[in-house]
Amino acid sequence: MAKFKISGVWKDSKNIITHYAFHEVKETTTSRAEKVEKSEAVRRLKLAGNSAITWIWDYQNSFWKNGEEVEVVEGKFLRTKHNNKTIDNLSHLIDYDWLKF
């Protein structure tokens, strides 16, 4: 069983998410970001017991806060559970296209 936080995304020229910034949650720490391809992200979250939430940077208070649960849809892509909060949606997380891994 692994728990993850997703803090950002990379998109292609058509604005489609290609990679996610995955952070593994340990007992007392959270790992640095790992750039994970969409297919690998789906594979990880399809494994029994694994889970993920969005991790949102709170600009007003300068700290990370936990967002919504992430689920695998149709075995092909990830999305947040519907709560009508745009800020939690994966496509609205930090755009890491400028960051090279």
Side-chain angles (χ1 to χ4, degrees):
M1 286 188 357
K3 293 184 180 183
F4 301 99
K5 294 182 180 186
I6 302 174
S7 66
V9 296
W10 285 262
K11 298 178 182 178
D12 65 14
S13 61
K14 296 177 183 173
N15 209 34
I16 295 172
I17 295 172
T18 60
H19 295 78
Y20 298 93
F22 260 56
H23 305 260
E24 188 169 0
V25 178
K26 307 280 185 168
E27 191 171 317
T28 59
T29 62
T30 301
S31 72
R32 291 183 181 206
E34 173 189 5
K35 185 177 182 181
V36 176
E37 287 188 21
K38 182 189 286 188
S39 60
E40 174 60 14
V42 168
R43 187 195 70 74
R44 288 183 188 185
L45 293 184
K46 284 173 66 176
L47 293 174
N50 286 1
S51 63
I53 60 171
T54 55
W55 206 22
I56 303 162
W57 181 249
D58 181 340
Y59 289 93
Q60 289 182 334
N61 297 301
S62 299
F63 70 91
W64 291 98
K65 65 180 183 178
N66 293 336
E68 290 299 312
E69 290 181 48
V70 176
E71 61 187 358
V72 177
V73 178
E74 298 175 9
K76 299 179 189 176
F77 62 93
L78 305 181
R79 77 169 175 210
T80 54
K81 297 208 175 183
H82 297 287
N83 69 353
N84 296 322
K85 291 183 183 176
T86 301
I87 195 169
D88 285 338
N89 293 338
L90 292 164
S91 64
H92 288 86
L93 294 176
I94 295 172
D95 181 350
Y96 284 133
D97 283 342
W98 58 273
L99 186 61
K100 304 297 178 200
F101 270 74

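For Asp95 (side chain) and Asp97 (main-chain N/O), a donor-acceptor pair under 3.5 Å exists by modelled atom type. Under a 3.5 Å cut-off, the side chain of Thr54 and the backbone N or O of Glu68 do form a donor-acceptor pair. Distance alone, capped at 3.5 Å, places no donor-acceptor pair between the Thr18 side chain and the Asp12 backbone. A donor-acceptor pair under 3.5 Å links the side-chain atoms of His23 to the main chain of Ser31, judged by distance alone. Asn61 places no side-chain N or O within donor-acceptor distance of the main-chain N or O of Phe63, the cut-off being under 3.5 Å.
The shortest side-chain heavy-atom distance between Val72 and Leu78 falls under the 4.5 Å cut-off. Between Lys76 and Val42, every side-chain heavy-atom pair lies at or beyond the 4.5 Å cut-off. Side-chain contact check for Trp55 versus Thr30: some heavy-atom pair is nearer than 4.5 Å.
Between Ser7 and Tyr96, the closest heavy-atom pair is OG-OH, 3.2 Å. Asn50 approaches Arg44 most closely through the heavy-atom pair ND2-O, 2.8 Å. The minimum heavy-atom distance linking Ala21 with Trp10 is given by the pair N-CZ3, 3.6 Å.
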Review point. Going through the checks in order, is the side-chain contact (heavy atoms from CB on, under 4.5 Å) test met by Leu45 and Phe4?
Key: CA-CA 9 Å; Leu45 293 184; Phe4 301 99; 4.1 Å; yes

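Placement of Val36 and Val70 within a single hydrophobic cluster is found when ILVMFWY residues are connected by side-chain heavy-atom separations under 4.5 Å, directly or transitively. The hydrophobic cluster containing Leu47 does not contain Val25, counting ILVMFWY residues as joined when their side-chain heavy atoms lie under 4.5 angstrom apart, directly or transitively.
The distance from atom CG of Leu93 to atom CD1 of Ile17, rounded to the nearest 0.5 Å, is 7.5 Å. Atoms CD and NZ, from Glu24 and Lys3 in turn, are 11.5 Å apart once rounded to the nearest 0.5 Å.
Relative to the six-membered ring of Trp64, Lys5 misses at least one condition, a distance below 6.0 Å or an angle of at most 45° to the axis.
When the shell of 6.0 Å around CD of Glu69 is examined, it contains 12 or fewer heavy atoms from other residues, nucleotides or ligands.
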